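These figures come from a predicted structure and were not determined experimentally. Proteins get letters first, then strands, A, B, ... in listed order; numbering begins at 1 in each.
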There are 2 protein chains.
Amino acid sequence: MPIRLSLVEDDHLIREAFTDLLNNTEDFLVVSSYSNCEDYLRNLGTDRPDVVLMDLELPRMGGVEGIERTKKLRPQTQLIVVTVYENDELVFKALCAGAGGYLTKNMPPSRLIEAIREIRQGGAPMSTNIARMVVASFQKNHHSPLTARETEVLERIAQGKSYTTIADELFVDKETIRTHIKNIYWKLEVHSKAEAIEKARKERFI
Amino acid sequence: MPIRLSLVEDDHLIREAFTDLLNNTEDFLVVSSYSNCEDYLRNLGTDRPDVVLMDLELPRMGGVEGIERTKKLRPQTQLIVVTVYENDELVFKALCAGAGGYLTKNMPPSRLIEAIREIRQGGAPMSTNIARMVVASFQKNHHSPLTARETEVLERIAQGKSYTTIADELFVDKETIRTHIKNIYWKLEVHSKAEAIEKARKERFI
DNA sequence: TGATAATCCCCTATTTTGGGTGAATGAAAC
DNA sequence: GTTTCATTCACCCAAAATAGGGGATTATCA
C-alpha cells in the first residue's frame with residue numbers, strides 16, 4: 001500500500017511541483033491537494049491521508065488551526081509543516097498544535113521525500129535551524145540577572161508551590177524565601193508571581 | 001583551521017575507533033580523548049575543543065553534570081551526546097544541561113561526521129527517535145480527563161495567575177473558575193495547585 | 001431521560017502574598 | 001583589607017487568594 005499524501009499550500013505552482021515530485025516517487029500517492037484549510041478539512045475523512053504537507057500562511061483559517069483540527073478529527077494523521085517562516089513563536093505553535101515535522105522552503109526537493117519517509121519511521125524531520133531552535137528551547141539563558149538560589153526559588157514558584165513549601169524543600173525559613181522573591185521581583189521589575197514567571201520563561205531564566 | 005574535537009567515553013575500544021575515524025576526516029582534529037569527566041574538565045582550558053562527543057554513562061561524575069560544567073567553564077563549546085540511552089528523562093536532562101545534539105550508538109559512523117558538521121553549521125543533530133521525543137514533548141496528551149475549559153483554566157494556573165485574573169481573561173465569574181478548579185482537583189485526585197500542575201505536566205494534560 | 005459541561009452563588013477559615021524596613025553572616029572580588 | 005554580593009533571618013501590616021463545604025441553573029448530547 002502506498003503512503004497517502006495530502007497537500008495544503010496556497011501557491012498553486014508549488015502545489016503542482018510537489019504533486020509531480022511526490023507522485024513520481026515509489027510508494028507515494030498524492031490523494032489530494034488544496035489551496036486552503038477549509039476545503040482540506042472538509043475532505044479529510046474521505047481522503048484519509050497518512051501524511052499531510054501543510055503550509056502556514058493560508059487565507060482565512062491559518063495552518064496552525066488546520067493542524068489542531070486535523071488532530072482532533074483524525075489523530076493518526078501525521079503533519080509536516082512546509083513554510084518559509086522561521087519565526088520562533090510560529091514554530092512552537094505549530095509543534096504544540098501537533099505538527100510532527102517542520103521544513104523551511106529553502107530545502108532541496110529530495111529532503112521532502114526523505115522527510116516523509118522519516119516521519120513514517122518514527123522520526124521528526126526538521127530543517128537545521130528549526131532543530132536548533134527546538135533544542136535551544138530546553139536550555140537556559142546564561143545571562144540571567146538572577147543568582148543560582150533565586151533561580152531555584154523562582155523555578156519552584158513556577159511549579160505552583162507556596163513560600164512555605166519552598167522553604168521546607170530548601171531547608172530555610174519562609175522569611176528567606178520572601179526575601180529572595182522580593183529581590184527577584186526587583187530584578188525582573190515585576191510585582192507578582194504571574195509576571196515573574198512570564199518574564200523569566202520568555203527570557204529563559206528558568 | 002581544523003575543527004578541534006574532544007571525546008569523553010569510557011569504553012576505550014569505541015574511543016579509539018572514533019578517534020581513528022575522525023582523525024581521518026578532512027578538517028577534523030581530535031585534540032584529546034578521556035575515559036572520565038574529571039580528567040576531561042581539568043584539560044578543557046588547554047584542549048579548547050570546538051565540539052565534544054560525550055558519553056553519559058561514566059564513572060563518578062556523570063555526563064549530564066559534565067555538560068553543565070563544560071558550559072560554565074567554556075560556553076562556546078558545543079556538545080553532542082553519544083550514548084545507548086534513549087530514556088526520556090536522561091535525554092531532556094542532557095539537552096537542558098546544554099547538549100546541542102544527541103545521537104544513539106546504533107548509527108552508522110558516517111552519521112557522526114555528518115553530525116559534527118551539522119552542529120557547526122547551526123543545527124542540532126539528533127537520532128530519529130530522539131527528534132521524535134523532543135517534538136512530542138511539545139504536544140498534549142489527547143486522552144486527558146479534563147475538558148477543554150478545565151484545561152484552559154489549569155494552563156493559566158500553571159502560569160501563576162490568580163482565580164480573579166483567570167476569570168477576567170475568560171470573561172466569567174471568579175466562582176466559575178473556582179468550580180472548575182474543584183473539578184480539576186477531583187479528576188486529578190489532588191488538593192493543591194502545585195500537585196495539579198505537577199500531575200498535569202507529567203501526563204501532558206497541559 | 002440522564003449525564004456532562006459550563007455557569008454562578010453563599011459560607012467559613014486559613015494561608016498566602018506583596019510591601020516596607022532592617023540586619024547578620026560569609027565568601028569572593030578588588 | 002575593605003567592599004560588594006549572596007544568603008540567611010526578623011517583624012509589621014493589610015489585602016488577596018485559597019481550599020473545602022454546600023447548592024443551583026442552563027444547555028447540549030447521547
If I take atom [atom1] in residue [X] and atom [atom2] in nucleotide [N], what distance separates them, rounded to the nearest angstrom?
{"X": "B:Ile184", "N": "C:dA5", "atom1": "CD1", "atom2": "P", "value": "12 Å"}
{"X": "B:Glu150", "N": "C:dA5", "atom1": "CD", "atom2": "P", "value": "7 Å"}
{"X": "B:Leu146", "N": "C:dA5", "atom1": "CG", "atom2": "P", "value": "10 Å"}
{"X": "B:Arg178", "N": "C:dT7", "atom1": "CZ", "atom2": "C1'", "value": "14 Å"}
{"X": "A:Ile181", "N": "C:dG19", "atom1": "CD1", "atom2": "C1'", "value": "13 Å"}
{"X": "B:Asn183", "N": "C:dA3", "atom1": "CG", "atom2": "C1'", "value": "14 Å"}

Checklist entry - Where along residues 187-204 of chain B does a heavy atom fall under 4.0 Å from DNA chain D? => result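 Contacting residues: B:His191, B:Ser192, B:Lys193.
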
Next on the checklist: Is it the case that D:dG20 (base atoms only) and B:Lys182 (side chain only) share a donor and an acceptor within less than 3.5 Å, ignoring hydrogens and angles?
Outcome noted: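 Check fails, no donor-acceptor contact within cut-off.
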
Between the main-chain N or O of [Y] and the side-chain N or O of [X], is there a donor-acceptor pair closer than 3.5 Å?
{"X": "B:Arg15", "Y": "B:Glu9", "answer": "yes"}
{"X": "B:Gln139", "Y": "A:Ala99", "answer": "yes"}
{"X": "A:Ser127", "Y": "A:Ile130", "answer": "no"}
{"X": "B:Lys71", "Y": "B:Thr77", "answer": "yes"}

Could you run down the sub-3.5 Å N/O contacts of the protein with nucleotides 24-30 of chain D?
none

If only side-chain N and O atoms count, and only distance matters, is there a donor-acceptor pair under 3.5 Å linking [Y] with [X]?
{"X": "A:Tyr163", "Y": "A:Asp168", "answer": "no"}
{"X": "A:Ser192", "Y": "A:Glu195", "answer": "yes"}
{"X": "A:Glu203", "Y": "A:Asn141", "answer": "no"}
{"X": "B:Tyr102", "Y": "B:Thr83", "answer": "no"}

Next on the checklist: Evaluate A:Asp47 against A:Ser32 for side-chain hydrogen bond (donor to acceptor under 3.5 Å, both in side chains), listing each step before the verdict.
Outcome noted: CA-CA 7 Å; A:Asp47 289 343; A:Ser32 57; 2.8 Å; yes

Checklist entry - Would B:Glu38 and B:Arg42 count as a salt bridge (charged side-chain N to carboxylate O under 4.0 Å, His left out) if you check the C-alpha gap in whole Å, the side-chain angles of each, and the deciding distance to 0.1 Å? => result CA-CA 6 Å; B:Glu38 291 82 356; B:Arg42 234 189 311 282; over 6 Å; no

Next on the checklist: Please identify which of these residues, A:Glu150, A:Glu175, A:Glu152, meets the side chain to side chain contact (heavy atoms under 4.5 Å, CB included) condition with A:His180.
Outcome noted: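 Among A:Glu150, A:Glu175, A:Glu152, the one meeting side chain to side chain contact (heavy atoms under 4.5 Å, CB included) with A:His180 is A:Glu150.
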
Item to check | Residue A:His180, side-chain heavy atoms: nucleotide from D:dA10, D:dT7, D:dG22 that is nearest | outcome: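 Of D:dA10, D:dT7, D:dG22, D:dT7 is nearest to the side chain of A:His180.
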
Checklist entry - Among residues 154-176 of chain A, which residues get a heavy atom nearer than 4.0 Å to DNA chain C? => result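 Those residues whose heavy atoms fall under 4.0 Å from DNA chain C, taken from residues 154-176 of chain A in numerical order, are A:Ser162, A:Tyr163, A:Thr164.
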
